[in-house]
Amino acid sequence: MRVKNKTRPISVKILVVDDNPANLLAMKAAFSDSGYEVFEASSGREALELIKSHDFACILLDVQMPIMN
């Protein structure tokens, strides 16, 4: 989904964080026709790196993951 801005459209970004590849695939499929820009991370550390460089409107997070919850 793109929100119109006076100068340019704004991309709505969603981050999906899960250590289970099947769950990431399911979420990617669920948002495939939504128009949202979906990012995936398979670890807490990977998610933190993405958060540093993107402004996410929504983060869908698995709360029980190895190393970092």
Side-chain angles (χ1 to χ4, degrees):
M1 171 185 279
R2 296 199 180 264
V3 178
K4 293 201 179 212
N5 187 331
K6 291 181 181 179
T7 56
R8 64 183 170 86
I10 300 170
S11 177
V12 177
K13 298 177 183 179
I14 296 174
L15 174 60
V16 179
V17 186
D18 201 311
D19 59 320
N20 183 334
N23 290 344
L24 289 174
L25 182 63
M27 293 306 293
K28 188 174 183 178
F31 286 106
S32 66
D33 293 332
S34 67
Y36 296 116
E37 190 174 354
V38 179
F39 291 75
E40 300 173 5
S42 59
S43 70
R45 289 188 178 134
E46 188 178 344
L48 287 175
E49 289 302 314
L50 285 168
I51 290 168
K52 289 178 185 178
S53 57
H54 297 279
D55 186 20
F56 293 104
C58 178
I59 300 174
L60 302 173
L61 175 67
D62 177 5
V63 295
Q64 291 185 331
M65 295 186 13
I67 302 172
M68 181 186 295
N69 288 331

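Remember, predicted model here, so these are calculated numbers, not experimental data.
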Distance-only check: which donor-acceptor pairs under 3.5 Å involve side-chain atoms of residues 20-32, not counting sequence neighbours?
residue: Asn20; atom: OD1; partner: Ala22; partner atom: N; Å: 2.9
residue: Asn23; atom: ND2; partner: Asp18; partner atom: OD2; Å: 3.0
residue: Ser32; atom: OG; partner: Ala29; partner atom: O; Å: 3.0

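Expressed to the nearest 0.5 Å, how far CG of Leu15 lies from CZ of Phe56 amounts to 4.5 Å.
For the pair Ile51/Ile59, a side-chain contact is recorded, criterion being any heavy-atom separation below 4.5 Å from C-beta on.
Glu46 pairs by the side-chain contact (heavy atoms from CB on, under 4.5 Å) definition with Ala41, Ser42, Ser43, not counting sequence neighbours.
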